[in-house]
Amino acid sequence: QVQLVESGGGLVQAGGSLRLSCAASGRTFNNYAMGWFRQAPGKEREFVGSIAWSLGSTYYVDSVKGRFTISRDRVKNTVYLQMNSLKPEDTARYYCAARPGVTPRTQLGAYDYWGQGTQVTVSS
């Protein structure tokens with residue numbers, strides 16, 4: 001059974017940094033892509049970025065390019081979301097997700113597995 005467990009969220013001031021982790025278990029992810037999504041109160045869940053597990057290639061939404069970086073540790077089976085220069089509008093619950101395939105997909109429905117999320121709050 002696939003499990004994705006996020007951690008690392010918290011409260012940070014604008015301009016600060018956080019690193020989120022997503023510990024993945026239950027299968028091998030060599031032919032999977034791992035995505036990060038976020039959902040702010042009253043808003044729809046939106047795509048943030050993704051990484052192809054085997055290739056390490058990444059893809060980001062424009063609003064986080066240059067500030068957020070996704071990486072993975074294949075030994076630890078963990079995906080990371082390094083967030084720098086955080087803004088109040090980055091406040092949201094952040095979710096890790098997994099889907100078969102290596103090409104980037106921004107749609108929620110493309111992902112088969114989801115974690116429970118971790119809350120990120122950026123104060124101004």
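Not measured: the values here are computed from a predicted model.
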Exercise for the section: Compare every heavy atom of Leu81 with every heavy atom of Ile70, then report the nearest pair and how far apart it is. Expected result: CG1-CD1, 3.6 Å

Exercise for the section: Using only heavy-atom distances, determine whether the side chains of Ser21 and Arg19 contain a donor-acceptor pair under 3.5 Å. Expected result: no

Problem - Donor-acceptor pair, side chain of Arg38 and main chain of Ala92, under 3.5 angstrom - result: no

Handout entry: Whichever hydrophobic residues join Val102 through chains of side-chain contacts under 4.5 Å
Key = Leu55

Handout entry: Within-4.5 Å side-chain heavy-atom neighbours: Asp90 and Phe68
Key = yes

Fill in the blank from the handout: Looking only at heavy atoms, the pair that brings Ala98 and Phe29 closest together is CB-CE2, 4.3 Å

Handout entry: Val79-Val2 co-clustered via ILVMFWY side chain contacts under 4.5 Å
Key = yes

Fill in the blank from the handout: All heavy atoms of Ala110 vs all of Arg105, minimum pair found to be CB-CB, 3.8 Å

Problem - Single-linkage hydrophobic cluster Tyr113~Tyr80, side-chain heavy atoms < 4.5 angstrom - result: no

Exercise for the section: Might you confirm whether atom CD of Gln116 has over 12 heavy atoms from other residues, nucleotides or ligands at distances under 6.0 Å? Expected result: no

Problem - Donor-acceptor pair, side chain of Arg67 and main chain of Ser85, under 3.5 angstrom - result: yes

Practice task
Search all heavy atoms of Ala14 against all heavy atoms of Ser124 and return the closest pair with its distance.
Solution key: CB-CA, 4.3 Å

Handout entry: Cationic N near anionic O, under 4.0 Å, Lys65 to Asp62
Key = yes

Handout entry: pair Asn31-Trp53: side-chain heavy atoms closer than 4.5 Å
Key = no

Problem - Side-chain (Thr91) to main-chain (Val122) donor-acceptor, under 3.5 angstrom - result: yes

Handout entry: Option from Tyr94, Tyr111, Tyr95 for which ring-ring contact (aromatic ring centres under 6.0 Å, His included) with Phe37 holds
Key = Tyr111

Fill in the blank from the handout: Correct closest heavy-atom pair for Thr69 and Tyr60 would be CA-OH, 3.3 Å

Handout entry: Main-chain N/O of Ala24 paired with Asn77 side-chain donor or acceptor, under 3.5 Å
Key = yes

Exercise for the section: Would you check if Glu46 and Thr106 make a side-chain contact, meaning some heavy-atom pair closer than 4.5 Å? Expected result: no

Problem - More than 12 heavy atoms of other groups within 6.0 Å of Glu44 CD - result: no

Fill in the blank from the handout: Taking every heavy atom of Trp114 against every heavy atom of Leu108, the minimum-distance pair comes out as CZ2-O, 3.6 Å

Handout entry: Sub-4.5 Å side-chain heavy-atom contact between Val12 and Met83
Key = no

Exercise for the section: For Arg72 and Ser54, indicate whether the former's side chain and the latter's backbone hold a donor-acceptor pair under 3.5 Å. Expected result: yes

Practice task
For Glu6 and Thr118, indicate whether the former's side chain and the latter's backbone hold a donor-acceptor pair under 3.5 Å.
Solution key: no

Problem - side chain to side chain contact (heavy atoms under 4.5 Å, CB included) partner of Trp36, chosen from Leu20, Val61, Val64 - result: Leu20

